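Written below as structure tokens is the structure these notes are about.
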Amino acid sequence: MRLLERMRKEWFMIGIVLAIAGAKLEPSIGVNGGPLKPEITVSYIAVATIFFNSGLSLKTEELTSALVHIKLHLFIQIFTLAFFPATIWLFLQLLSITPINEWLLKGLQTVGCMPPPVSSAVILTKAVGGNEAAAIFNSAFGSFLGIIITPMLLLLFDP
């Protein structure tokens with residue numbers, strides 16, 4: 001019975017492993033233009049569903065109380081949009097002396113300057129029992145800030 005309880009508790013990680021295994025066994029299902037149509041389902045439907053589901057499960061009081069945690073929001077935004085890109089930049093400085101392809105380094109730099117995907121931040125926070133309201137706020141706010149800050153970081157941290 002303990003195994004069943006553990007599986008119920010870790011349903012999200014089990015689902016991720018099964019999705020990865022399924023993609024390895026039959027990758028043609030998830031390609032652009034394939035039966036799942038990821039160019040539509042992932043880009044629009046999945047993200048909207050995650051926000052809608054999270055919004056339904058939150059009480060208005062939880063969301064409004066999450067907005068007043070200014071120190072938390074500052075920490076998350078500074079970590080995501082300043083500390084992490086600076087750390088990636090230092091890592092890229094080390095990698096630049098190796099024979100790694102220049103375009104791979106530029107891709108890593110770009111990903112390092114972008115805010116994390118909204119859907120994964122909200123889902124993972126919910127899965128571990130974290131402050132879902134704060135995750136939703138910071139994901140949305142970070143994405144809007146990322147529109148302005150990411151191009152500036154890419155210019156600033158050009159390898």
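Below, each value reflects all heavy atoms present in this structure, side chains not excepted, and no hydrogens, waters or symmetry copies. These numbers were taken from a predicted model, which means no experiment stands behind them.
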For [X] versus [Y], what's the shortest heavy-atom pair and its separation?
| X | Y | result |
| --- | --- | --- |
| G112 | P85 | O-CG, 3.5 Å |
| I100 | L95 | CD1-CD2, 3.6 Å |
| I88 | Q109 | CG2-CA, 4.4 Å |

Salt bridge (Lys or Arg N to Asp or Glu O under 4.0 Å): pairs with one or both residues in residues 88-103, sequence neighbours excluded: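 Found E102-K106.
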From [X] atom [atom1] to [Y] atom [atom2], the distance as rounded to the nearest 0.5 Å:
| X | Y | atom1 | atom2 | answer |
| --- | --- | --- | --- | --- |
| R8 | L3 | CZ | CG | 11.0 Å |
| N138 | N131 | CG | CG | 9.0 Å |
| L108 | L92 | CG | CG | 5.0 Å |

Worked check of side-chain contact (heavy atoms from CB on, under 4.5 Å) between H73 and K71: CA-CA 5 Å; H73 304 313; K71 288 181 182 177; over 6 Å; no
Side-chain heavy-atom pair L145, T80 within 4.5 angstrom cut-off: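 Not in contact.
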Residues which pass ring pair (Phe, Tyr, Trp, His ring centres under 6.0 Å) with F141, listed by chain and number, not counting sequence neighbours: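 With sequence neighbours excluded, F141 shows a ring pair (Phe, Tyr, Trp, His ring centres under 6.0 Å) to F137, given in chain and number order.
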Ring pair (Phe, Tyr, Trp, His ring centres under 6.0 Å) partners for F144, two or more places apart: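 F144 satisfies ring pair (Phe, Tyr, Trp, His ring centres under 6.0 Å) with no residue once adjacent residues are dropped.
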Same cluster or not: are [X] and [Y] linked, directly or through other Ile, Leu, Val, Met, Phe, Trp or Tyr residues, by side-chain heavy atoms under 4.5 angstrom apart?
| X | Y | result |
| --- | --- | --- |
| F83 | L90 | no |
| L104 | F91 | yes |
| I76 | F84 | no |

For T110, all residues meeting side-chain contact (heavy atoms from CB on, under 4.5 Å), sequence neighbours excluded: M114, L154
For I148, all residues meeting side-chain contact (heavy atoms from CB on, under 4.5 Å), sequence neighbours excluded: M152
Only pairs under 3.5 Å count here: list side-chain donor-acceptor contacts from residues 12-35, not counting sequence neighbours, and write none if there are none.
| unit_1 | atom_1 | unit_2 | atom_2 | d |
| --- | --- | --- | --- | --- |
| E26 | OE2 | S28 | OG | 2.7 |

